S.K.: 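Please find one structure pasted underneath; my questions will follow.
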Amino acid sequence: MHRVALAAQASSPDGRPRRTGALAGRACSPHGPRGRASRGPLGALRAPRWALGVLADALDGFGPGRGQARAQVGGRPLTSRQSFRYPPPAMKLKAVQPEVHFPALEERVLQSWDATGAFQRSIDERPESESYVFYDGPPFATGKPHYGHFVASVLKDIVPRYWAMKGKRVERRWGWDCHGLPVENETQKDLGLVSKADVDKLGIEKFNEACRGIVLRYTEEWKGTIRRLGRWVDHDRGYKTMDADFMESVWWVFSKLWQDGRIYEGYRVQPVSPALGTPLSNFEVALGPQERDPVTKKEGHKRRQDPSLTVRFALEDEEASLWAWTTTPWTLPSNLALAVNPGTEYVKVRVVETGEVAYLEPSRLADYQARGRVGETEELERLPGSALVGRPYRPLLPYFKEHAEPVNGKRPAFYVVAAEYVETTSGTGIVHQAPAFGEDDFQTGKDNDLPLVNPLSLTGHFDATVPDFEGQFAKDADKAIMAKLKDQGSVVDQDTFVHPYPHCYRTGVPLLYMAISTWFMKVEELRDQLVANNEQTHWVPQAVGTGRFGNWLAAARDWNLSRNRFWGTPLPIWRCDENPDEMVCVGSRKELAELCGMAESELVDLHRDKIDGLTFPSKSTPGGTMRRIPEVFDCWFESGSMPYAEHHYPFENKASVEANLPAEFIAEGLDQTRGWFYTLTVLSTALFGRPAFKNVIVNGMVLAEDGAKMSKSKQNFPDPNGVLERLGADALRIYLASSPVVNAKPLRFSEAGVQDHVRSVMLPLWNAYSFLTRYANVDGWEPDGVAPDPGVNELDGWVLSRLQTLLSEVEERMAAYELFRVIPALLGFIDDLTNWYIRRSRRRFWRGADDGDDGGDKLNAYRTLHHVLLEVSKALAPFLPFITEEMYGNLAAPLPGGARDSVHLEDYPVANAAFVDAGLEARMQLARTAVGLGRGLRAKHDVRTRQPLPSMTVVLADADSRAGMERMIDIVRDELNVKEVHVQADEGEFVTYSARPNLKLLGPKFGKEIGKIKAEALALASDDLARVVAGGSIPSASIDGLVYDSDSLLVDRASKEGTVVDTLDGVTVALDVTLTEELIVEGLARELVTRIQNLRKETGLELDDRIEVTASCDGPLADALVAHWELIAGEVLAKGACPDPSASVDASAVGASAFDIDGAEITLRVKKV
RNA sequence: GGGCCUGUAGCUCAGUUGGUUAGAGCGUUCGCCUGAUAAGCGAGAGGUCAGAGGUUCGAAUCCUCUCAGGCCCA
């Protein structure tokens, strides 16, 4: 071992490690000179134990004092504010009390990190050739950090810390998402601007200035909270999506796509708020007023009453009409087609009263008739919808009638089209189509190559193409349109209709759906490549990648990446005002400056207010001026560009960015599957033909304790900073990291859950650490760097072996990014360490000097526990960065090599095969099973553990197991407080056997006969089964080819009546509970020991205080006191001769108390001597 | 409306080729142990595996439908 070698060389004749020797050893470590050099030549700098308060107190008076620190640590100058105290040349472990306040400890560790520059050094000290690329998905700083961010941050900290300790150079740069609707909304609210027109009135410059002012509103809160959480991330060199360099890279990305022919202009039907004069995002639509449907009781859009109009369209090729239904009369001027479902049956009827001939769907006709809207009819013909497709009809209104004139022999509009979406649950089964005003209409229009006409402005007013209603607001025009149609005899029926309908979340007016010009990136043609690239990505959990994300990629649609907004990266497209087909896509500041005849240095900001005014003359259209189109980017485009833009690629860092694609690791929430994960993948595939990241951990959503979303108004979650202050970051981290969220499942956050982890993880770990340091102090043991010997004591060998198993497991699972499998292994080890190793080893540590030669057992116990805790502190460091820092600093400082300035600068421990002993782990497991059974038997038969019992018998059929158990006898005997432990093979005298068929094995073979086999197996006699257990077999009486043996049967054991026996996993334990007078008295003596120990504790005595005991009792208790005084005195560190039981003791005195033991009274008093 | 996910003890969750009596932790009751421990150990109580139907010798597990919740898309 590394440390052993160093220690051997570095120890001086007096046994004290020599620091200079150790330093020399370190200086040629493989980590390169940078970090080493900063340590300086002074031995005293070896282990600056900085400002850990507890420690500082312990070290007062040692080394150069406060204020003398003038060296540099981690390349950062130390200021005089930072109090540095150096360790003495060689020192003992600091004794640590079991009482601890983790949040305070964490604050001290945070200060130490600042002082030592540990974070930067954890990067700098790793070679550049070992680069490990991590991308940070940027959050908005318009809100404060909450638990969802905590989860992502914990993952984004654990993984990079781990790989840094594994020798990787992991840059961790923070990112801020600065653009997007949430920011604009927030600003509009602040400025009291309701509509887009209000923004125009104010001016983009002022508006954008206001946006800039608020996007970083909470950055200080973020920095503070993320720091407090223990996440190491570089804010100083982070990126902001609003930086000109970042935006310029986004331009480059777009221009590359443009050059590759991946960008096109198209239309898309979007919800528009006429009052705001702007399209809304789906997110904003969802914010609109909600209402519960009175029938279905479901929450949905607010309901409103609209006209319900049935209109007749006259066919051109027949004296008949098509009846169509609409709730939006204002779209009728824009009608261009009628849609039928080709698979539905339609009917042609003559209305008896009027003689009119009409087509519609028969069940709908019946509905009209039932409501008395249409009189009696005579059926003329039945025909499928497909038979109507293509038939021309006369334009209902004249405004766009030119589209009825054939172009190149084809009629552009005003004919019947087929559409699968047409249903027969309402209307007439024939649907009026205005392609500009509905998603379905638009799609049908596209499928049939219909023209797109839109006579409405964004504020919903008719323009001059519809002169009859010019200037009228669409909804207001409904009445006039209906009147006109009535006049010309086109109305079949007029009614009203109540339905849920989306309304504007800001103004409350009903939204209009209309086709808006937008810019698309062609993604559909990339589908196969996207899917192929995704297959190279390791998803955790895997199902997200193959399922949700994979499906999404396979069905990817062209990406609408423009937004009609103000505060974002402008689309770099300049278009000729004379010839709209002439466009220039600008890919850099330099290019734009040249086009506009200005200096590049004048382009310091690329936001709309700075560049919208920049124009240049057209090259191909005389007199034309090139002006920028008004749209900005979907801010997801910026997030997806972040791998390039954060480095200002390709304008700077070209080679390093290209060398480091794709990223090694990213982590975000499940909600990002179609957000960041998607945009990263699309852009990386389009630009570089490869995936954007190799490994990704997807975390689930954090819900409130009540299972609902966390909501400020409901107040259903505790303040995040409060939890950190009360319980600490380590506990919060381990709570989150060991919860279902790290496997993409939802977590109901509860502070009590965090508290649980303080109790079940933090405190046991701390107590193990405290145990070692306190006894080491009492004993004067100092860490000597000598490797523990696994052969001295089975317990040491066992815990060392378990540690190696743990390290291998962690390595394998971290390589697979399966944190949900790492944490339980770590926690399981802590449990083994504290509740078995230390529990069983306690006595080894308090063996007194006069107990004689222990063959080095105590020394090895110290070395083992110290070694294990030190390794554990490193192994847990990525997960619990604070407590491990404290432990490591104390545990490593006295070693010949000293401690590094931070555990996070250490190398991650690697499993040492020399310590692995599978046989030992197996037989220890047997021992623990036997002990568990024995304790259960004691409880069942009401014999407490303090009562010694004459013997127990462990029965094991397997010879290897018996041999293993023989070596565990001391441990089992001691733990169970029995005088003798016997191991034997034959369990016949203790148990009876019964058997069940092994269905997994027999099921597939015997199928339907299983019922019979079950009955037969259950009927097998215990004596016969004994032969099976011994390796024999019994042929089945009724089933051919079936033989009962130890494979085909599962044999159960039951203890025989009247015995004290239990059995589990093939281990049978029998307890002899015969009590003799002698054993009873000895048991009482142990009762006395416990009572006196408790008194010691209550009285606040130190571990090694010697005491004087006085007692008042009679009967068996007095016998026990006298007979076993030597034992008692040894256990409780009592001095002097046996106290006289007949003395009188004042139970109310300090250190005194009266007890009742099995009905006998005793008063005891302890006093320090 | 569509895609994906979740629903198992009071709570948080395990439960993979379908296999017998469905587990763990927390909480709870009783008992035990304790020179580190706020910890630990043993026993008990606690389950229509969301519901219905199907496949099968056998279903928490596979299939279909329904209900409730979540994320995303429309």
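For the numbers below, each heavy atom of this structure counts, side chains included, while hydrogens, waters and symmetry mates do not. A, B, ... follow the sequence lines: proteins, then strands. Residue 1 opens every chain. This one's a predicted model, so the numbers in the text were calculated from it and none came from an experiment.
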S.K.: Provide the distance between the two C1' atoms, one in B:C13 and one in B:A22, to the nearest whole Å.
M.R.: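 It comes out at 14 Å once rounded to the nearest Å.
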S.K.: Could you state the CH2-C1' distance from A:Trp552 to B:C73, rounded to the nearest angstrom?
M.R.: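 After rounding, the reported distance stands at 5 Å.
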S.K.: What do the steps show when you test A:Leu736 against A:Tyr147 for side-chain contact (heavy atoms from CB on, under 4.5 Å), and what is the final call?
M.R.: CA-CA 9 Å; A:Leu736 294 175; A:Tyr147 296 101; 5.6 Å; no
S.K.: Under a 3.5 Å distance rule, please check whether A:Trp766 uses its side chain to pair with a backbone N or O of A:Met887 as donor and acceptor.
M.R.: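 Not at all, since once roles are kept as given, no pair shorter than 3.5 Å links the two residues.
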S.K.: Do A:Trp539 and A:Phe677 have their ring centres less than 6.0 Å from each other?
M.R.: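 When the ring centroids of A:Trp539 and A:Phe677 are compared, they turn out to be within the sub-6.0 Å range.
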S.K.: In the strands shown, is B:C26 matched to any nucleotide by a Watson-Crick or G-U wobble pair with both distances under 3.5 Å, and which?
M.R.: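 Matched B:C26 with B:G10 under the 3.5 Å cut-off.
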S.K.: Measuring only the C1' atom in each nucleotide, how far is B:G18 from B:U56? A whole number of Å is fine.
M.R.: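 It works out to 9 Å between them.
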S.K.: Remember a base hit wins even if backbone is also touched, and classify A:Leu937 as base, sugar-phosphate or nothing at under 4.0 Å, heavy atoms.
M.R.: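 No contact at all - A:Leu937 keeps every heavy atom at 4.0 Å or more from the nucleic acid.
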S.K.: Is the shortest heavy-atom distance from the side chain of A:Leu1084 to the side chain of A:Leu1088 under 4.5 Å?
M.R.: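 The answer is no; the side chains never approach within 4.5 Å.
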S.K.: Whole angstroms only, please: what is the CG-P distance between A:Asp832 and B:C41?
M.R.: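 Atom CG in A:Asp832 sits about 11 Å away from atom P in B:C41.
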S.K.: Among side-chain atoms of A:Asp441 and A:Tyr513, is any donor-acceptor pair under 3.5 angstrom?
M.R.: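 Distance-only check fails for A:Asp441 and A:Tyr513.
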S.K.: Below 4.0 angstrom from OP1 or OP2 of B:A36, is there any side-chain N or O of A:Tyr769?
M.R.: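 Result: no.
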S.K.: Could you state the CD1-P distance from A:Ile838 to B:C41, rounded to the nearest angstrom?
M.R.: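 Rounded to whole Å, this separation is 15 Å.
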S.K.: For B:G31, give its Watson-Crick or G-U wobble partner with both distances under 3.5 Å, or none.
M.R.: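 B:C41 - that is the nucleotide pairing with B:G31, both distances being under 3.5 Å.
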S.K.: Just the rounded figure in Å: distance from P of B:A36 to CG of A:Asn777.
M.R.: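 Spelled out: CG on A:Asn777 to P on B:A36 is 16 Å.
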S.K.: Can you measure A:Trp836 atom CH2 to B:U37 atom C1' for me and round it to whole angstrom units?
M.R.: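 Answer to the nearest Å: 17 Å.
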S.K.: By nearest atom, which of the nucleotides B:A36, B:C33, B:A39 is closest to the A:Pro764 side chain?
M.R.: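 Among B:A36, B:C33, B:A39, the one nearest the side chain of A:Pro764 is B:A39.
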S.K.: To the nearest angstrom, how far is A:Leu553 atom CG from B:C72 atom C1'?
M.R.: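 Going from A:Leu553 (CG) to B:C72 (C1'), I get 13 Å.
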S.K.: Distance between the P atoms of B:A50 and B:A68, in whole angstroms?
M.R.: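 Roughly 16 Å separates the two P atoms.
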S.K.: Assuming nearest nucleotide by heavy-atom distance, tell me which of A:Ala744 and A:Pro997 is located more 5' along RNA chain B.
M.R.: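 It is A:Ala744, whose closest nucleotide lies nearer the 5' terminus.
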S.K.: Report the C-alpha separation of A:Asn767 and A:Thr834 in whole Å, then their side-chain angles, then the decisive distance to 0.1 Å, and conclude whether the side-chain contact (heavy atoms from CB on, under 4.5 Å) test is met.
M.R.: CA-CA 8 Å; A:Asn767 284 318; A:Thr834 58; over 6 Å; no
S.K.: Under 3.5 Å, is there an N or O donor on one side and an acceptor on the other linking the side chain of A:Arg839 and the base of B:U37?
M.R.: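 No.
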S.K.: Please report the distance separating the P of B:A52 from the corresponding atom of B:A60, rounded so that it comes out in whole Å.
M.R.: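 So the two P atoms sit 13 Å from each other.
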S.K.: Is the count of non-hydrogen atoms from other residues, nucleotides or ligands lying under 6.0 Å from A:Tyr267 atom OH greater than 12?
M.R.: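 No.
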S.K.: In whole Å, what is the span from the CZ atom of A:Phe442 to the C1' atom of B:A74?
M.R.: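 These atoms are roughly 15 Å apart.
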S.K.: Which nucleotide wins on minimum distance to the side chain of A:Arg268, given the candidates B:A36, B:A74, B:A38?
M.R.: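 Closest nucleotide among those given: B:A74.
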S.K.: Remember a base hit wins even if backbone is also touched, and classify A:Thr1090 as base, sugar-phosphate or nothing at under 4.0 Å, heavy atoms.
M.R.: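 Here A:Thr1090 touches the backbone only, sparing every base.
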S.K.: The test is side-chain contact (heavy atoms from CB on, under 4.5 Å); show your working for A:Tyr735 and A:Leu727 and say whether it passes.
M.R.: CA-CA 11 Å; A:Tyr735 166 69; A:Leu727 302 172; over 6 Å; no
S.K.: Applying a 3.5 Å limit to both distances, which nucleotide forms a Watson-Crick or G-U wobble pair with B:A59?
M.R.: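 Across any shown strand, B:A59 pairs with none.
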S.K.: Pick the closest RNA chain B nucleotide for A:Ser760 and for A:Trp636 by heavy atoms, then say which residue is nearer the 5' end.
M.R.: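 The answer here is A:Ser760.
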S.K.: Go through A:Gln270 and A:Met514 one step at a time and tell me if the side-chain contact (heavy atoms from CB on, under 4.5 Å) criterion holds.
M.R.: CA-CA 6 Å; A:Gln270 295 179 41; A:Met514 58 173 87; over 6 Å; no
S.K.: Please measure how far the P atom in B:C63 lies from the corresponding atom in B:U16, and state the result in whole Å.
M.R.: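 It comes out at 14 Å once rounded to the nearest Å.
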S.K.: Using the P atom as the reference point in each nucleotide, state the distance between B:A45 and B:C4 in Å, no decimals.
M.R.: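 Result for the P pair: 42 Å, nearest Å.
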S.K.: Give me the distance, rounded to whole Å, that separates B:U6 from B:A74 when you measure between the P atoms they each carry.
M.R.: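 So the two P atoms sit 24 Å from each other.
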S.K.: Checking all strands, does A:Asn998 fall into the base, sugar-phosphate, or nothing category for heavy-atom contacts under 4.0 angstrom?
M.R.: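 A:Asn998: base contact, heavy atoms under 4.0 Å.
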S.K.: NA contact type, A:Tyr775, heavy-atom cut-off 4.0 Å: base, sugar-phosphate, or nothing?
M.R.: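 Base contact.
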S.K.: Let's test this: given Watson-Crick or G-U wobble pairing with both distances under 3.5 Å, identify the partner of B:C49.
M.R.: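 None - no nucleotide pairs with B:C49, as no candidate has both distances under 3.5 Å.
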S.K.: Atom pairs under 3.5 Å, N or O on each side, protein against nucleotides 25-29 of chain B: can you list them with distances?
M.R.:
| from | atom 1 | to | atom 2 | distance (Å) |
| --- | --- | --- | --- | --- |
| B:C26 | O3' | A:Arg759 | NH2 | 3.2 |
| B:G27 | OP1 | A:Arg759 | NH1 | 3.2 |
| B:G27 | OP1 | A:Arg759 | NH2 | 3.2 |

S.K.: Test of understanding: with salt bridge (charged side-chain N to carboxylate O under 4.0 Å, His left out), list the residues that count as partners of A:Glu1087, not counting sequence neighbours.
M.R.: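 So A:Glu1087 forms a salt bridge (charged side-chain N to carboxylate O under 4.0 Å, His left out) with A:Arg944, A:Arg946, A:Arg1091.
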S.K.: Measure from the side-chain heavy atoms of A:Glu1087 and tell me the nearest of B:A36, B:C33, B:U21.
M.R.: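 Output: B:C33.
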S.K.: Quick one: A:His757 NE2 to B:C13 P, roughly how many Å, whole number?
M.R.: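 Rounding to the nearest Å, NE2 of A:His757 and P of B:C13 are 11 Å apart.
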S.K.: Quote, to the nearest angstrom, the C1' distance that separates B:G47 from B:U21.
M.R.: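 After rounding to an integer number of Å, I get 13 Å for this pair.
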